[in-house]
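Naming: A, B, ... by sequence-line order, numbering from 1 per chain. Just so we're clear, the structure is a prediction, and the values are computed from it rather than from any experiment.
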Protein chains: 2
Amino acid sequence: MHAYTNSAVSAARAPMAMHLQPVSAAAPRAGADPLERLGTAAKFGRNHTIYFEGDEAGHCYRVKSGTVRLCKVTEDGRRQIAAFLTAGDLFGWTDHGGYGFSAEAVTDVTLEKFSRARIEDAVKAFPALGRHVLALLSTQLASAHGHLLLLGRMTAAERIANFLLELGRRQRNDGAVALAMCRKDIADYLGLTVETVSRTMNALKREGIIAFAEPENVRLKQSAALERLAMAA
Amino acid sequence: MHAYTNSAVSAARAPMAMHLQPVSAAAPRAGADPLERLGTAAKFGRNHTIYFEGDEAGHCYRVKSGTVRLCKVTEDGRRQIAAFLTAGDLFGWTDHGGYGFSAEAVTDVTLEKFSRARIEDAVKAFPALGRHVLALLSTQLASAHGHLLLLGRMTAAERIANFLLELGRRQRNDGAVALAMCRKDIADYLGLTVETVSRTMNALKREGIIAFAEPENVRLKQSAALERLAMAA
DNA sequence: CGCCAGATTGATACACATCAATTCTCGTGG
DNA sequence: CCACGAGAATTGATGTGTATCAATCTGGCG
């Protein structure tokens, strides 16, 4: 079904088959979405890099469909994923020269791409847009702070529980959670190793708290138990 | 539940006089600082709480002097400090009902306090102010992302090295770094224990990379060695 | 002087990493 | 159609970095 041609890391160096198609000025219904008419569409295939940390920050993006990961990689290959982004999330906004992290497509994604220059003008012209972005950023900051607690102070089981509940919340599919990302991605998001992620998830499965046949489709069977594990802050 | 009930955070219970004095509308020179005339002054004594996580977010603040810590505490007393803030830093900005973390005075601090309602009006009236806040938030988000890498993927020595270098950068006092916070605060910021912080710092001292007589005044003797340890991303 | 909180140091425990197979799935070419 | 190979996931055995438990030391202060 999916062509998994390269590992998470090597993907960064893979030749970028990137399709960038300028799009006709979109539907005009102003008010609804202040960003709507400013962007062009862009598509990226699974595991391809949208931009690298440090690249001149010429654009920012909004996810239309699919999942994007934001990550930092150290010289010696350790990787930390700061966030998984889905429809509606904005990324690549920065007030400095370069991007603060790399952005990669976890699944095939469609994005809206906004030129830095144009968006700056637009923010000046339509202050409501600035407030909109402000709200998005402040939400992302809050979520990052939550993630700090997770990485700094939680056990493996607590991290997994929080992760699954968070995904469940975002998908609000009763108890069915689809994992767009592989175990390595989860590990790098939670500050663990693949092995620990696998072991912990299978332990939860053995206890009947979650269930899954294939690795990418998990069912939360006892949300209450998960919540207890996740440790309400 | 916000009562500090255990030793991990006992510092917050220390008896301290808290001074809160509303202040006359300040110096009028507009232009220079878009926030200048909107705030009132507030002072908090060392280790006093400015607000609790979850409190109705009626105000936001800017640090004038001293150091503030932003933290989250779990039910069982584990604490994670998301950031230490110093002069010029803004905090308490949120687009949701309640604050996302508690704010506490590490040292005696003086703050500017902005009412949510007034600042919202001001942002509408002066879009430049909104852009200013946007820039601050985006910087904080970048810094949070850096911290995620530290917490998720770095060793104790790397965390300490990064911490000291970061403080040094902020104080740009050649090699002399003043630690406003105690070892426990450092530990909770770096996702370690007090013992590990102490051991690691004394190891660096033994190796001649840093030096200190009292715990709160460190001298970076071999910045190059520290940088190497800190592992340039 | 004696107390106390903070810092340090030491001994030991453990959660998770690391190293090492094995299994599973799926796409591919003979 | 099936053996083959490759990446992903799982499982097991072992190692280790840091936590935990437990003193001891230090400096400030009533």
K.L.:
Does a nitrogen or oxygen in the side chain of B/N202 sit under 4.0 Å from OP1 or OP2 of C/dT9?
P.N.:
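The answer is yes; a side-chain N or O of B/N202 sits under 4.0 Å from OP1 or OP2.
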K.L.:
Rounded to the nearest 0.5 Å, what's the gap from NE2 on B/H147 to OH on B/Y189? Could you check?
P.N.:
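Output value for this atom pair is 4.5 Å.
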K.L.:
Hey, does the side chain of B/S198 reach the backbone of B/V194 with a donor-acceptor pair shorter than 3.5 angstrom?
P.N.:
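No, because the side chain of B/S198 does not come within donor-acceptor range (under 3.5 Å) of the backbone of B/V194.
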K.L.:
Looking only at heavy atoms, which two atoms of A/N47 and A/R69 are closest? And how far apart?
P.N.:
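The pair with the smallest heavy-atom distance is OD1-NH2, 3.2 Å.
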K.L.:
From A/M201 CE over to A/R183 CZ, what is the distance, rounded to the nearest 0.5 angstrom?
P.N.:
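With rounding to 0.5 Å, CE (A/M201) is 4.5 Å from CZ (A/R183).
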K.L.:
Other residues, nucleotides and ligands only: do more than 12 of their heavy atoms fall within 6.0 Å of NZ on B/K205?
P.N.:
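Above 12, so yes.
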K.L.:
Using a 4.0 Å cut-off on protein heavy atoms (strictly under), produce a 5'-to-3' string for nucleotides 11-19 of chain C with B for base contact, S for backbone-only sugar-phosphate contact, and - for none.
P.N.:
B----SSBB
K.L.:
Do the ring planes of B/Y51 and B/Y99 sit parallel (below 30°), tilted (30 to 60°) or perpendicular (above 60°)?
P.N.:
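Rings of B/Y51 and B/Y99: parallel, under 30°.
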K.L.:
Using the side-chain contact (heavy atoms from CB on, under 4.5 Å) rule, pick out the option among A/L141, A/L90, A/D89 that qualifies with A/L136.
P.N.:
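Only match with A/L136 under side-chain contact (heavy atoms from CB on, under 4.5 Å): A/L90.
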K.L.:
Taking CG from A/L179 and P from D/dT10, how many angstroms apart are they, rounded to a whole number?
P.N.:
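These atoms are roughly 10 Å apart.
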K.L.:
So which heavy atom on B/L190 is nearest to which on B/L150, and how close?
P.N.:
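Taking B/L190 first and B/L150 second, the nearest heavy atoms are CD2-CD2, 3.9 Å.
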K.L.:
List the protein contact pattern of nucleotides 23-30 of chain D with one symbol per nucleotide (5' to 3'): B for base contact, S for sugar-phosphate-only contact, - for none; contact means a heavy-atom distance under 4.0 Å.
P.N.:
--------
